[in-house]
There are 2 protein chains.
Amino acid sequence: MKSDDRKFAILYSIIRDYIRTAEPVGSRTIEKNYNLGISSATIRNEMADLEDMGLLVQPHASSGRIPSDKAYRMYVNNFMKISDVESYVIENVRTLYDKYVGQLNKAIEATAEILTKLTNLTALVMTPHITQMDIKDIRLIHIEGERALLVIITKQGIVKNAEIRLNSKTDKKQLEKITVFLNMCVDGINNDFEAENFSIAMEALNSQEQRILAEVVAAIKNIYQQDADTKVYASGLTEIFKYPEFKDMEKARKVLETLHKQDMISYLLTEAMDSGINIKIGNENTFEELNDCSVVTATYKLNGRPIGSIGIVGPTRMDYDYCVSVIKAMTKTLDKHLSDTLGGKD
Amino acid sequence: MKSDDRKFAILYSIIRDYIRTAEPVGSRTIEKNYNLGISSATIRNEMADLEDMGLLVQPHASSGRIPSDKAYRMYVNNFMKISDVESYVIENVRTLYDKYVGQLNKAIEATAEILTKLTNLTALVMTPHITQMDIKDIRLIHIEGERALLVIITKQGIVKNAEIRLNSKTDKKQLEKITVFLNMCVDGINNDFEAENFSIAMEALNSQEQRILAEVVAAIKNIYQQDADTKVYASGLTEIFKYPEFKDMEKARKVLETLHKQDMISYLLTEAMDSGINIKIGNENTFEELNDCSVVTATYKLNGRPIGSIGIVGPTRMDYDYCVSVIKAMTKTLDKHLSDTLGGKD
DNA sequence: ATTAGCACTCATTAATGATGAGTGCTAATA
DNA sequence: TATTAGCACTCATCATTAATGAGTGCTAAT
């Protein structure tokens, strides 16, 4: 079907042009700037067809066309070309990461800033989830009175910590005893400490210690299973002002307000955790407030397992080729950094 | 001088009116709505005087007047009335704080959100500085290889922690030995560990231990003296869109961009750390980008010592009476919460 | 010293018309 | 039969103009 090829060549041209200019694209523009060897009149006819197919939209009767969300989806699935990011850029990122060895959260934050700098878009990142990881070591540090610091170290070398409050005073010795006990059965955490070791060793503790243990276990579940210590960051929230489609204050405000919510960021980054690179275009987004935006997310890994994700948010006419290339390169670089600095085999 | 009293009564009325409406105030408005017993013509004459004194500004020749920054300064210094915040509000805040016992950072974040909710303004907060505090306890926890978690507990019960990387591998035993040693001379931290104890005990360590110790001390200085673990949060960044003076996109963008910078928040909150309540009006702000805003900050305390600060940012025509009342009430409530949950006498 | 009266200023809004980019349709063409 | 040239038509955008009205400064009367 020669005719179809031509249609999509026109569609492709229109999309590329609109991504670049943010202006509705007319038939003469295509004729002049893209050498398709056909006249504007023919292009007009094809454009009318493409509109019937739901791939183009006309803002008003006598204007050029803009691509629909469906068109972007087709573009992303069939026409998008991913390329390598220049190596000196990656080199700079590596150098930056080296400055944050031992400050995982800072490195993740820096990742957001780099994404923004490279794409001129809002970037979202989340710190690693530990839910899927195996615990290597649990420590309890007595602060004073009934306060203690709980530290969880995973086999992958990720460290999480949180202060916990017990119902009664305790001391260093008591916590040490419980710590030893806890580490004897860390394997039981995923199945509610039902492991054999648990009930056996339980008898070695007196009743007060058992009570404290129960509270500690609750805290561990909170931080480990709910992953209460996972944090999200956004950078470049004001980048949106650079784009003419958001020159309407009300539109910009709506998106901005949405992206300021922690749980929204969390949702966007968690939604597509297991699908590698994920792209949500315009109305594909669950939340109506983001129907004029596209969200590109990707997971980063440790020892081959996804442990967190990063993403960018921009207008639906974002440069998908470039953005996806960048986000791929960044996750790859981050993966490398994590395996270099955290190590720990599965 | 009866004449001066009248002038300032007019000025006061104009400020109150402008704070409420954001519209330039004309002489007839004052005559009708504020019973000053004088005609609009007389008010006009006085207004011309007030303009000569630099207290009023006329946006254009035939418009009403708006207060100058100088007028707000006079208002804040002389006319402002601080009142109590309704007790049920405080009660709600207390209840909320109770949910975050043991999660100091969360409580501070919640404070920002409450400030935003109460004032409809952007709120800024910072977590406690520990620079002025005395260290009670230092712990080193071995993670794996050359990685360790440093935990600092102050006498005031504040806990800070950071991962550190040593230049060579270590183990649990070695770190325990160093920990014992460190705690013997925690008092020396403020004067570079020059204390007598330090050099004496130093001899008890072998050369590798001494090397590790030096690295740990450097890390402690970083987290303790530079207070590398102090965090800042902003909430309600999009509140600015509610105010007509920022309906100009460019203006709003500038302020928004400025308030998104961590170090800007840090600067604003640190600038006036020792002066209790601090109010910066319009061009009194160090940064040109905030010349259309006012910033109200206040310090919160532990055992009578300021350890951090909170603040709000809004248009210069903010309701100073109410805002200052709210921020006073909030610091007081936060102070109480901290002393209740952290305790620890000086 | 105060106020009524009036001419004047200027932002805001609505109405009007010109411009131009871009279309759809028709008839001519290869 | 597919393509293209030609043309009437649509509609957003922009500049111009005029009307409106809030508010002032100044002068003369009280």
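Protein chains get the first letters and strands the later ones, always in sequence-line order, with residue 1 at the start of each.
When rounded to the nearest whole Å, the span between CD1 of B:Ile66 and C1' of C:dA11 equals 14 Å. Rounding to whole angstrom units, CD1 of residue A:Ile14 and C1' of C:dT23 are separated by 13 Å. Rounded to whole Å, the distance from CD1 on B:Ile38 to C1' on C:dA4 is 15 Å. One interatomic measurement links the two molecules: NE2 of B:His60 to C1' of D:dG23, which rounds to 8 Å at whole-angstrom precision. Going from atom CD of B:Glu23 over to atom P of D:dT24 covers 13 Å, rounded to whole Å. Distance A:Ile43 CD1 to C:dG22 C1': 13 Å, rounded to the nearest Å. In this structure, the CZ atom of B:Arg44 is 15 Å from the P atom of C:dA7, given to the nearest Å. The CG atom of B:Asn45 sits 14 Å away from the C1' atom of D:dA28 (whole-angstrom rounding).
The side chain of A:Ala61 approaches D:dC11 more closely than any other nucleotide in the set D:dG23, D:dT24, D:dC11. Counting only heavy atoms from C-beta on, B:Arg6 has its side chain closest to C:dT2 among C:dT2, D:dA5, C:dC10.
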#### Entry: salt bridge (Lys or Arg N to Asp or Glu O under 4.0 Å) between B:Asp319 and B:Arg16, worked out
CA-CA 8 Å; B:Asp319 189 338; B:Arg16 290 309 309 174; 3.7 Å; yes

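With A:Thr238 as the fixed residue, the side chain to side chain donor-acceptor pair (under 3.5 Å) test singles out one of B:Glu257, B:Arg253, B:Lys254: B:Glu257.
Ring centers of B:Tyr267 and B:Phe287: under 6.0 Å apart, within the cut-off. Ring centroids of B:Tyr75 and B:Tyr12 are separated by less than 6.0 Å, placing the two rings close together.
Checking the phosphate oxygens (OP1, OP2) of C:dT3, a side-chain nitrogen or oxygen of B:Thr42 falls inside 4.0 Å. For the OP1/OP2 pair of C:dG24 and a distance below 4.0 Å, the side-chain nitrogens and oxygens of A:Arg65 include at least one atom meeting the criterion.
Using the Watson-Crick or G-U wobble rule with both distances under 3.5 Å, C:dT2 pairs with D:dA29. Across all strands shown, the partner of C:dC8 is D:dG23, judged by Watson-Crick or G-U wobble contacts whose two distances both fall under 3.5 Å.
Between B:Pro59 and A:Ser63, the residue anchored nearer the 5' end of DNA chain C, judged by the nucleotide with its closest heavy atom, is B:Pro59.
On a pure distance criterion of 3.5 Å, no polar donor-acceptor pair joins the side chain of B:Ser62 and the base of D:dT24.
Contact annotation for A:Ser40: no contact, since no heavy-atom pair falls under 4.0 Å across all strands.
Interatomic distance, A:Leu259 CG to A:Glu239 CD, rounded to the nearest 0.5 Å: 12.5 Å.
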